[in-house]
Amino acid sequence: MQASAEKFEGLTERRRVPVVSLLVDACNYETAIARIAELVAAGDGGYVCCATVHMAMEALDDSTFREIVNSASMVTPDGMPLVWMQRLQGKKEASQVRGPSLMPKLLAFATGEGLTVGFHGGSAQVLAEVQKRATAEFPGLEISYILSPPFRQISTAEDAEIIAKINGSKTQILFVGLGCPKQERWMAAHRSDTNAVMIGVGAAFDFYSGTAAESPEWLRNLGLEWFFRLVREPKRLWRRYLILNPRFIWHALHQLITNRTKL
């Protein structure tokens, strides 16, 4: 099922481009940060999804998840194939906005603006390294919340306690690193519970802490970050990339051909 374009009502008008199952914002790092700053200033929370091929295919197969992502305050094109789809549909200025790259840029922005940030997800060891590096790179950064949630299904009471901690910390920007689709479901479930602007950043905590190797920029520019990760973690990622990637290509081509025949 393909998404249909729509105009966002409220704050800055968004330019959303249908990419297979998702409505992806045509943006760059500067405009993405400006959008997040608007959300923080509005004080009503919200959540941001950094969309990859994996996310697009999860959304294609699950209408509930598709609604979760398309209802986000912003959906950035994390994967280059999504950027290419935007450009092929006339958004020549479309640019990649990766969660792992957006996070340190937002940390710098938060430091300069005096905003509080928090980190939710990952292991305690990874978060300790994230905190250590962030405070060293950005003196004056206020980290108001940091938590490694249990790697199991948590109870309603535990979940309520976590939200109470986030709200009590007065965190304004909350980085969520639970992996797709768990982090998007978690952010959507708590959209009305907290005023923090939540940003799903996937593997950003692992990359930023140095726990996991990040692909070279030249590979990312070629849209081959998936290949780098597959080679390093074939058992965990083979299905995601060797099955979902060809399916994405098929549906993307179908969308482009269908749209062209309608002209």
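The first residue of the sequence shown is numbered 1, and numbering continues consecutively from there.
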So, taking the atom named CZ in R191 and the one named OG in S71, what distance separates them when rounded to the nearest 0.5 Å?
10.5 Å

For the residue pair D159 and H190, confirm or rule out a side-chain donor-acceptor distance under 3.5 Å.
yes

For a quick check under 3.5 Å, do S123 and S148 share a side-chain donor-acceptor pair by atom type?
no

Intermediate values then yes/no, side-chain contact (heavy atoms from CB on, under 4.5 Å), L106 and F175:
CA-CA 10 Å; L106 276 171; F175 299 102; 3.8 Å; yes

Check whether any side-chain heavy atom of S73 sits under 4.5 Å from a side-chain heavy atom of C49, and report yes or no.
no

Taking S169 for the side chain and Y145 for the main chain, is one N or O donor matched with an acceptor at less than 3.5 Å?
no

Kindly say whether S21 contributes a backbone atom to a donor-acceptor pair with the side chain of N70 at under 3.5 angstrom?
yes

Stepwise, does the side-chain contact (heavy atoms from CB on, under 4.5 Å) test hold for L102 with I36?
CA-CA 11 Å; L102 178 61; I36 292 167; 4.3 Å; yes

Could you report the tightest heavy-atom contact between E129 and S209, atom names first, then the distance?
CB-CB, 3.6 Å

Whether the side chain of Q89 engages the backbone of M85 through a donor-acceptor N/O pair (distance < 3.5 Å, no angle test) should be reported.
yes

Which pair of heavy atoms, one from L178 and one from Q183, lies closest together, and at what distance?
N-OE1, 3.2 Å

Applying salt bridge (charged side-chain N to carboxylate O under 4.0 Å, His left out), which residue pairs with at least one partner in residues 81-96 are found, sequence neighbours left out?
R15-E93

Considering all heavy atoms, the nearest W84-G223 contact:
CH2-CA, 3.8 Å

Rounded to the nearest 0.5 Å, how far does CH2 of W186 lie from CE of M198?
6.0 Å

Hey, could you give me the CD1/CD1 distance between I143 and I173, rounded to the nearest 0.5 Å?
12.5 Å

Is the cationic atom of R133 (NZ for Lys, CZ for Arg) positioned less than 6.0 Å from the six-membered ring centroid of Y208 and within 45 degrees of its normal?
yes

Should F65 and E184 be marked as a side-chain contact (heavy atoms from CB on, under 4.5 Å) after you check the CA-CA gap, both sets of side-chain angles, and the distance that decides it?
CA-CA 8 Å; F65 184 66; E184 288 73 31; 3.6 Å; yes

If you apply the rule side chain to side chain donor-acceptor pair (under 3.5 Å), what do you find for T116 with T171, and how did you get there?
CA-CA 5 Å; T116 56; T171 296; 5.0 Å; no

Candidate pair D78 and T52, rule side chain to side chain donor-acceptor pair (under 3.5 Å), full reasoning:
CA-CA 5 Å; D78 185 300; T52 61; over 6 Å; no

Value rounded to 0.5 Å, distance of OG1 in T64 from CD in E67:
8.5 Å

Could you check whether R98 pairs with E217 (Lys NZ or Arg NE/NH1/NH2 to Asp/Glu carboxylate O, under 4.0 Å)?
no

Starting at CD1 of I199, measure out to CE of M103 and round the result to the nearest 0.5 Å.
10.0 Å

Approximate separation, where rounding is to 0.5 Å, of C50 SG and M55 CE:
7.0 Å

When you look at CD of E30, are more than 12 heavy atoms from neighbouring residues, nucleotides or ligands closer to it than 6.0 Å?
no

Among side-chain atoms of H251 and Q255, is any donor-acceptor pair under 3.5 angstrom?
no

